S.K.: 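Here's a structure for you.
This structure is a prediction, so every number in the text was calculated from the model and none was measured. For ligands, and for the atoms within them, numbers begin at 1 and follow the listed sequence. If you read the sequence from its start, that first residue is 1, and numbering goes on from there.
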Amino acid sequence: MRVAFLGLGIMGHAMAANLAKAGHEVSVWNRTPGKQVEGAQSAATPAEAARGAEVVWMCVADTAAVEQVLFGSDGVEQSLTEGMVIADSSTISPSATLRFAERVRAKGAHYVDAPMTGSKIGARDGTLIFIVGGEEAAIEKLKPLFAAMGKKIFRMGETGKGQATKLVMNLQIALIYEGFAEALTLATKLGVDLEALLPLINASMVNSGVVEYKAPFVLKRDFSPNFPLRLMHKDIHLALDAAKEARVKLPALETVEEIYEMASEDGHQDLDYAATLTLLEKWAGVQVKGKAA
Ligand code: NAP
């Protein structure tokens, strides 16, 4: 399939590479030039990348970035043709998604919101899980592309429902991780051996995918970004905004948001969100580490 891939960050670069590896004809674009993807053509603008493509796939930072890529000068809109499918794997506002979809549909193209979960390792290994909103027929057309980048698709309903669901997923990841980080901090302060604690967590109902993914990094004190703190902070804000619109109160997430705010003030925004642990450590006067650190 002829695919334009826009946004070559931590996730997008690996996703575009997997599309090219699967034999698709891929043209790529990134805001900051100079990023290449093996087996793909580089384009100078989103409009140039999208010209003649059957599918345009986006993976950029936030709502403003998606708007810019679609509708800015040299944006995708200039190359939109009837029947083209626009897929968005960025995590952005569900209500903005509806606006973007309407504008794209006015030109006869389709819009699928397809945020994902699986982080850097899932993107690299082609094992992402896509959380999708949109018309069945457009999603069907994307199936070979989903298969090249991921292992599962969950269709959550019409356009916007993918993004709404993604916020609900990240709300849980943020809270689960914060629970893990608080547990590690208290355990360290109380003198509990972390090398003994981890197998216990894994053998019990406390176990979770979040802990499995994060524990090896945290115990090595490797806070290099798999999912940058600034992006999880953005998702927490998106969830709190959506909750406010829907008149839902999320007290635990509000508290965790303050921790992200303070971690950003400490200069940790470009580290992994696991670095929120360092604030808890500072307050407790301990440092969490495993044997490998
Ligand atoms: P990243 O490494 O920070 O990459 C962000 C990408 O967005 C870069 O290509 C950046 O271009 C581009 N960008 C930022 N602002 C832009 C703008 N105004 N116009 C055009 N392009 C712009 O982030 P990532 O981890 O790949 O995440 C990308 C999206 O996937 C985010 O919405 C994130 O929430 C979501 N996501 C991430 C993960 C994860 O674990 N990392 C998992 C699931 C979902 P430059 O190179 O020019 O800065």
Side-chain angles (χ1 to χ4, degrees), residues 4-18 28-37 40 42-50 56-77 87-94 96-97 100 113-132 146 149-152 154 162-174 177 209-210 213-214 217 223-239 260 264 268-275:
F5 202 101
L6 313 177
L8 303 174
I10 293 173
M11 299 298 282
H13 191 276
M15 294 163 79
N18 281 334
V28 296
W29 170 83
N30 193 62
R31 178 182 61 173
T32 307
K35 284 191 183 168
Q36 313 287 331
V37 171
S42 292
T45 65
E48 184 188 315
V56 175
W57 209 292
M58 297 180 291
C59 186
V60 291
D62 53 21
T63 308
V66 171
E67 185 158 31
Q68 182 67 27
V69 166
L70 284 176
F71 307 119
S73 59
D74 294 326
V76 172
E77 193 174 39
D88 182 23
S89 280
S90 328
T91 305
I92 69 163
S93 150
T97 293
F100 299 160
D113 47 316
M116 69 241 159
T117 188
S119 206
K120 185 179 177 180
I121 294 172
R124 182 196 68 194
D125 297 348
T127 55
L128 293 168
I129 295 174
F130 288 96
I131 307 165
V132 180
F146 281 127
M149 299 184 285
K151 62 178 180 187
K152 271 205 165 111
F154 288 84
Q163 294 292 358
T165 309
K166 170 69 186 174
L167 298 186
V168 166
M169 297 297 284
N170 272 19
L171 175 163
Q172 293 173 80
I173 293 176
Y177 178 74
V210 176
Y213 192 109
K214 290 298 178 193
F217 290 100
F223 297 119
S224 57
N226 278 249
F227 185 32
L229 193 150
R230 64 186 152 75
L231 292 181
M232 181 63 106
H233 198 187
K234 169 215 34 144
D235 293 353
I236 291 172
H237 281 146
L238 287 170
Y260 277 71
S264 304
H268 298 331
Q269 63 273 18
D270 290 323
L271 296 180
D272 196 84
Y273 72 92

S.K.: Below 4.0 Å, non-hydrogen atoms only: which portion of Arg230 touches ligand 1? Side chain, backbone, both or neither.
M.R.: side chain

S.K.: Measure the spacing between NE2 of His13 and CD of Gln36 and express it to the nearest 0.5 Å.
M.R.: 8.0 Å

S.K.: Given side-chain contact (heavy atoms from CB on, under 4.5 Å), test Gln68 with Val60 step by step and report yes or no.
M.R.: CA-CA 10 Å; Gln68 182 67 27; Val60 291; over 6 Å; no

S.K.: Say whether His13 and ligand 1 are in contact under the criterion: heavy-atom distance to a ligand atom below 4.0 Å.
M.R.: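 The answer is no: ligand 1 sits nowhere under 4.0 Å from a heavy atom of His13.
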
S.K.: Any idea which atoms of ligand 1 are less than 4.0 Å away from a heavy-atom of Cys59?
M.R.: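 Near Cys59, the atoms of ligand 1 are 28 (C), 29 (C), 30 (O).
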
S.K.: Any atoms of ligand 1 less than 4.0 Å from a non-hydrogen atom of Ser90? List them with their elements.
M.R.: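 Within the 4.0 Å cut-off of Ser90, ligand 1 contributes 32 (O).
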
S.K.: Compare all side-chain heavy atoms of Thr91 with those of Lys234 and state whether any distance is below 4.5 angstrom.
M.R.: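 Counting from C-beta outward, Thr91 and Lys234 do come under 4.5 Å.
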
S.K.: For a quick test of reading the model, state the closest non-hydrogen atom pair linking Ala174 to Met232 and the distance between them.
M.R.: N-CE, 3.8 Å

S.K.: On a heavy-atom basis, I'd like to know which of Ser119, Gly12, Ala65, Ala123 is closest to atom 17 (C) of ligand 1.
M.R.: Ala65

S.K.: If we set the cut-off at 4.0 Å for heavy atoms, which region of Lys35 has an atom near ligand 1: side chain, backbone, both, or neither?
M.R.: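 It is the side chain that touches ligand 1; the backbone stays farther off.
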
S.K.: Among Thr165, Thr97, Ile131, exactly one meets side chain to side chain contact (heavy atoms under 4.5 Å, CB included) together with Asp113. Which residue is that?
M.R.: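 For Asp113, the side chain to side chain contact (heavy atoms under 4.5 Å, CB included) test succeeds with only one of Thr165, Thr97, Ile131, which is Thr97.
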
S.K.: Polar-atom distance check: Arg31 versus ligand 1, any N or O pair below 3.5 Å?
M.R.: yes

S.K.: Applying side-chain contact (heavy atoms from CB on, under 4.5 Å), run through Thr63 and Phe100 and close with a yes or a no.
M.R.: CA-CA 10 Å; Thr63 308; Phe100 299 160; 4.1 Å; yes

S.K.: Judging by distance only, is a nitrogen or oxygen of Met11 under 3.5 angstrom from one on ligand 1?
M.R.: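 By distance alone, the answer is yes.
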
S.K.: Considering only NZ, NE, NH1 and NH2 on the basic side and carboxylate oxygens on the acidic side, decide whether Lys214 and Asp272 come within less than 4.0 Å.
M.R.: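 Salt bridge flag = yes for Asp272 with Lys214.
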
S.K.: Taking heavy atoms and a distance under 4.0 Å, where does Met232 meet ligand 1: side chain, backbone, both or neither?
M.R.: neither

S.K.: For Thr91, is at least one N or O under 3.5 Å away from an N or O on ligand 1?
M.R.: yes

S.K.: Using distance alone, decide if ligand 1 has a nitrogen or oxygen within less than 3.5 Å of any nitrogen or oxygen in Ala61.
M.R.: yes

S.K.: Would Asn30 count as being in polar contact with ligand 1, using the rule that some N or O on each side must be under 3.5 angstrom apart?
M.R.: yes

S.K.: Determine whether the side chain, the backbone, both or neither of Ile10 has a heavy atom under 4.0 Å from any heavy atom of ligand 1.
M.R.: both

S.K.: May I ask you to identify the nearest protein heavy atom to atom 20 (C) of ligand 1, giving residue, atom name and distance to one decimal place in Å?
M.R.: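 Nearest protein contact, heavy atoms only, for atom 20 (C) of ligand 1 is Val69 CG2, 3.7 Å.
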
S.K.: Quick one: nearest non-hydrogen protein atom to atom 27 (O) of ligand 1, plus distance?
M.R.: Leu231 CD1, 3.5 Å

S.K.: Is the closest heavy atom of Asn226 to ligand 1 under 4.0 Å?
M.R.: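 Yes.
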
S.K.: For Val60, which part has a heavy atom under 4.0 Å from ligand 1: side chain, backbone, both, or neither?
M.R.: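 Within the 4.0 Å criterion, Val60 contacts ligand 1 through backbone and side-chain atoms alike.
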
S.K.: Where's the contact between Ile92 and ligand 1, heavy-atom distance under 4.0 Å: side chain, backbone, both or neither?
M.R.: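 Neither part.
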
S.K.: Under 4.0 angstrom from ligand 1, any heavy atom of Gly7?
M.R.: yes

S.K.: Which protein heavy atom lies closest to atom 43 (C) of ligand 1, and at what distance to 0.1 Å?
M.R.: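 Sorting protein heavy atoms by distance from atom 43 (C) of ligand 1 puts Met116 O, 3.2 Å first.
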
S.K.: Are the side chains of Glu48 and Trp29 in contact, using a 4.5 Å heavy-atom criterion?
M.R.: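 Answer no - side chains too far apart.
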
S.K.: Which is it for Asp235 and Ile173 under the side-chain contact (heavy atoms from CB on, under 4.5 Å) test, yes or no, and what are the steps along the way?
M.R.: CA-CA 11 Å; Asp235 293 353; Ile173 293 176; over 6 Å; no

S.K.: Checking Asn226 against Tyr213 for the side-chain contact (heavy atoms from CB on, under 4.5 Å) test, could you report, in this order, the C-alpha distance in whole Å, the side-chain angles of both residues, the deciding distance, and whether it holds?
M.R.: CA-CA 10 Å; Asn226 278 249; Tyr213 192 109; 2.8 Å; yes

S.K.: Under a 4.5 Å cut-off applied to non-hydrogen side-chain atoms, are His268 and Phe223 in contact?
M.R.: no

S.K.: Taking all non-hydrogen atoms of both residues, which atom of Met15 and which atom of Met116 are closest, and how far apart?
M.R.: CE-SD, 3.6 Å

S.K.: If you take all heavy atoms of Ala49 and Leu6, which pair is closest and at what distance?
M.R.: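 Distance-wise, the nearest heavy atoms are CB-CD2, 3.7 Å.
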
S.K.: At under 4.0 Å between heavy atoms, is it the side chain or the backbone of Leu8 that contacts ligand 1, or both, or neither?
M.R.: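 It is the backbone that gets close, since no side chain atom is under 4.0 Å.
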
S.K.: What do you reckon, does Thr32 have a nitrogen or oxygen under 3.5 Å from a nitrogen or oxygen of ligand 1?
M.R.: yes

S.K.: For atom 34 (O) of ligand 1, what's the nearest protein heavy atom and its distance?
M.R.: Lys234 NZ, 2.7 Å

S.K.: Do Ser264 and Leu229 have side-chain heavy atoms sitting under 4.5 Å apart?
M.R.: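 A side-chain contact exists here, since the closest heavy-atom pair is under 4.5 Å.
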
